[in-house]
Each structure stands twice: as structure tokens, then as C-alpha cells.
Asker: 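Quick one: the structure is below, and I'll ask about it shortly.
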Amino acid sequence: MNDKLSQMIAEKGFVLADGATGTSLFNLGLQAGDPPEFWNIDEPEKIRAIYQGSVDAGSDLFLTNSFGSNSSRLKLHNSASRAYELSKAAATLGREVADKSKRQVLVAGSIGPTGEIMGDAGWLSHRDAVSMFQVTAQGLIDGGADVLWVETISSPEEYNAAAEGISKVGAPWVGTMSFDTAGRTMMGTTSKDMVNMVKDMAYGPLAFGANCGVGASDLLRTVLGFSENSDRPIVAKGNAGIPKYVDGHIHYDGTPEVMATYALLARACGASIIGGCCGTMPAHLKAMRKALDGNPCGEKPTLKQISLALGEFSSKSDGTGDEARPERVRRGKRK
Amino acid sequence: MSDEQDIILADLSDEELTLQMHDDLYDGMKEEIAESVNILLGRGWMPYDILTKALVEGMRIVGIDFRDGILFVPEVLLAANAMKGGMFILKPLLAETGAPRLGNMLIGTVKGDIHDIGKNLVTMMMEGAGFEVKDLGINNPVENYLQELESGEYDILGMSALLTTTMPYMKVVIDTMVEKGMRDDYVVMVGGAPLNEEFSKAIGADAYCRDAAVAVETAKEFMAKKHNQMVA
């Protein structure tokens, strides 16, 4: 409980995180295909502006522009060796913005996935992944991040590798996974699986949770799965609705009002760190801030209440119910 | 079935062995698949029959359970890897025996987009289904697709995008194919998290494929239609 984020949760009861970095970057002219992390050096004013947007909208913490700042992702831009430099720059800019604010705002160093597959069927080894995460983590801490923030992870192997990389830096951390496949992550992890994984970790996160994924309803179903099974602080960072293709461009269909409803429900579901993900702009964050400050914490909603307020779930079950996972009838005596 | 006992693959009848291969693919057992392929070859099976009746059929079952949320990516990767173990043996023999090819696909993530896990999965599942796949990798401008299409014998073009900002580029590729009068020579399939059926129709693709299993089924359907047209 010595870290600033745990203290903040203890003092305030809940923490408003930030919204979408990617959506904001594209709005500021980032060209698709270009790595956003280069802007930490080349366009620092724009990155500061994005951070400032979250602070001005009332966020208690914001994530740094370092989601793809690992050597595996940067390699695609022939910049694998810049992982440390770009991570540090992302956090340095964040520190500047946070220190100028009159209220306390925390800088959370974003660490995204490597984009490679690990485990028995994959090709990225545990050792290589650990050292990649360590480099990014070290850069973020050296730049002044208060806490590290692993996000959008789909495999338990990668979550564990990130934890180990961070442990070598010795920083407090938060880690969220993306549950986008019928309530599970792409690799099949359920909310309950994640609770069990986190519980047993040698260097566990101070908070865990879900980000991105499908719609707000699905994300809250996952959060309910967490809070039923764990007392550790929970993160809810859902998308502002679902991307729709209209007349040649894309927009997210979640309004600020919808996100305000989502924020209240997220808190009622048991989340204590609440934010948005893709499509969540400062206007959404302002509405979330107002709703959370202006209302007491509600009672834990039922699935029915969630779907009535935020829309239907994308799948009937999220894999955590009593119904057993259907097993294929094998002839075999092998297993 | 708790009492485990060793299965002697060579002692199984043809029918039992084929079914066992379906199970072994499902469980991602590469060495066992290779052994079974060799046993069937030894019994005089045609390579093409081993491919279709044992391997492709086994992967079809894997695909169904992936689609239905019973299997997930890690299991599918292991199955595809086991399939590769069999294909490694069969591939040269298929060419020698002049077996009919199932189809050739060109695949790549579009310009501006550097995501590749979804595309890699489609590639593996398509190869698992017996297709030949050429992977152009990430961040492909229209020229890459056209150059490769013109230089090879492709039936299917697959394009992938994970960003809402890059998916419109698929239309650029399709429009250019139309301009060059080559659009109708290929089946164009598109996929990626932010896409949907509506988008696929709007840009003039032949099919939107929600996941790798759907991509395989769609490709098979198109190839069946194509073969029928050639016969007619």
C-alpha cells in the first residue's frame, strides 16, 4: 500500500482513469501505420495536449503514449533499439503535465502486448518477453511514471512475462486483459481464470481488470466475474460503444451520456479504477467524472440491468457459468 | 476413460486410424500425425486421400469447435502445427501424383496497418485446410497485392485490417483491381476486428470472414463453386 495509486484508491474510494490515446492521436493527424511513440520525441506538444485533455476532463490518472513501445512492435518500424528511449520520453512528458496540475494526477506507464504468440504453440520465449518488458518498464520508470500499466493482454503467459519484467525494475503495477471472444480473451482466458492467475502470482499487480474488448455490457459482465471472486482493486476500461462505418469514415457510437451510465454501473459492479478505452474522448471523461462524483455507489446490478442500460451482450455466456465447457467426445484412450 | 492405455497406431484398421488422426489433430499431436500418415502411405493410400479424409477432415472439426467457442487460439495453433507435420510428408508426394489442388490464396495486412496475429491465424488455418497460402506480411500498398497476383496463380485474395483507420484501404485495392479489369478473376475475402458484413459489401468484397474458421469455410465454398463452373 506504499504506492501512490493504492493510496489514492484508499482515500477516494474510486479513481477516474483516462480514455482513448489512439483515437486522440488520429484526431491530431497521426497517419495510420506510423508508430505513435515516435511523437514522444518528434511531436511532444501533441502528446502533452493529449495528456492535458485527460487532466482537464478530470482524470485522476492518465496512461502514457507507450502502448507499442516494446522492441517487438518497434521492430516493425526498424526501431527495436528505441524501446527504452521512447518509453522514457512518454513518461517524461507525462510527468511534466502531471506536475503542473493543481490536484494530484498520477502518470501510469502504458505497456501493451508484444503482438507475438507465446506458450506451447507460439514463437516468443518467456525469457525474451521478460527482457522486452523490462526495457520498456525501466524507460517508463526512469521517465517518472508513478505506476506501470500493462494492458490489452490476451494470454496468461504474456501477463506473467510482463509481471516478471516489471519485478526486475521493482515498480508497482496494474495489469488488464482484453476479453473480446465470447467473454474470454482471444486465448480463452475467462474472468475467473484471470482472478486465479493473479492470486497466485509472485509479483502480482496492485489492481487488475479488463480493457477494450467488445461493448460496455460485455466488459461489465467480466467485471462482475472479477468482483465475485476477488478483493483486489478492479479496473474497468471499456470502449465508447462500438465502431460503425458510416459514409466512408468510422465513429464510435457511445455518447458521453452512455459512458456516464457505464461509469456508474462499473463502480456498482465493483470496479474502483474506472476509465474508457477506444473512442473515449475528454467529453466522455467529463460526463463520467460528473456522474461518479454526483452519485453514490449503486447496488451491484444484475446482468439484465446491465443489458437494459447498455445493450445486449455479444454472447450468451462468458464461459464462467455452471454449464461445463462442452467436451468433444473422443474415441481416444490417449487423454 | 481414466485408464490410459497406449494406442498402437499400426494396429488400427484404416477406418479407426483415420478417426484416431482426427483426435490426434484435435489434441495437437504432431509426431503421432506424422506416424499415421506414414502408416497410411505404407498401406497404399493415395496422398490426396490422406490429405482430405484424415487431415483436412480433422482440421474441419477443429475449425467448428473454434467457431463455437470450445477451442481457442492456443489449441488451434497446436492443431495446425500437427497438421504441418503431416503436410511435410505429403506435400512432395501430392505434387508427384498430380493431385488436384484445393486452391491458392494471397494474404496480407493492408497499408498503414501493422497487425498480424489475425492474418497469421487465417494463414495457418487455410494451410491446415490444404490451401497454398502466400503471406505478404503487414503494411501492404496496393502495388504489392497486384504485383503478386499477376505473377502467380491465385484464386483468392485475403486482406486484413485491425484499425478503423486502415480498413477503408481495402476499397482502394478492390477499386484498383476493377480498374485493371482483374477483379472478377479472384475471390476477395476481408477480415479484421472492426469489420463487418455491411462494410465488406460496401467496398465490393466477396465475403467478410468473422474469424479464421469462417475464412476456411468460405474459401472452400468459393472453390467448390469455381470447380463446378469449370465442369459445366
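Each chain gets a letter, A, B and so on, in the order the sequences are listed, and its residues count up from 1. Bear in mind that the values here come from a model prediction, so they are computed numbers and not experimental data. Only this structure's heavy atoms are used, side chains among them; waters, hydrogens and symmetry mates stay out.
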Asker: Just to be sure I understand the criterion: a residue of residues 70-79 of chain A counts if one of its heavy atoms is under 4.5 Å from a heavy atom of chain B. Which ones qualify?
Answerer: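 A:Arg73, A:Leu76, A:His77 fall under the 4.5 Å cut-off.
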Asker: A quick test of your reading: do over 12 heavy atoms of other residues, nucleotides or ligands sit less than 6.0 Å from CD of B:Gln147?
Answerer: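 12 or below, so no.
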Asker: Applying salt bridge (charged side-chain N to carboxylate O under 4.0 Å, His left out), name anything that partners B:Arg43, two or more places apart in sequence or on another chain.
Answerer: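 Result, salt bridge (charged side-chain N to carboxylate O under 4.0 Å, His left out) vs B:Arg43: B:Asp14.
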Asker: Against chain A, label B:Leu195 side chain, backbone, both or neither, depending on which of its atoms sit under 4.5 Å from a heavy atom there.
Answerer: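 Looking at B:Leu195, nothing touches chain A.
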Asker: Tell me whether B:Lys84 at atom NZ has more than 12 heavy atoms from other residues, nucleotides or ligands lying less than 6.0 Å away.
Answerer: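 No, because the 6.0 Å sphere around NZ of B:Lys84 holds 12 heavy atoms or fewer from other groups.
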Asker: To check you understand the geometry: which heavy-atom pair defines the closest contact between B:Val73 and A:Met186, and what is its length?
Answerer: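 Looking at all heavy atoms of both residues, the closest pair is CG2-O, 3.3 Å.
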Asker: Atom CG of B:Asp116 and atom CD1 of A:Ile117: how far apart are they, to the nearest 0.5 Å?
Answerer: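 The distance works out to 8.5 Å.
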Asker: Got a sec: does the NZ of A:Lys192 have more than 12 other heavy atoms crowding it under 6.0 Å?
Answerer: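 Not buried by this count: 12 neighbours or fewer within 6.0 Å.
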Asker: With a sphere of 6.0 Å drawn around CG of A:Asp200, does it hold more than 12 non-hydrogen atoms of other residues, nucleotides or ligands?
Answerer: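 Yes, CG of A:Asp200 has more than 12 neighbouring heavy atoms, counting only those of other groups under 6.0 Å.
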Asker: Given A:Arg184 and B:Phe72, is the side chain to side chain contact (heavy atoms under 4.5 Å, CB included) satisfied, shown in steps?
Answerer: CA-CA 9 Å; A:Arg184 298 169 183 253; B:Phe72 293 88; 2.9 Å; yes
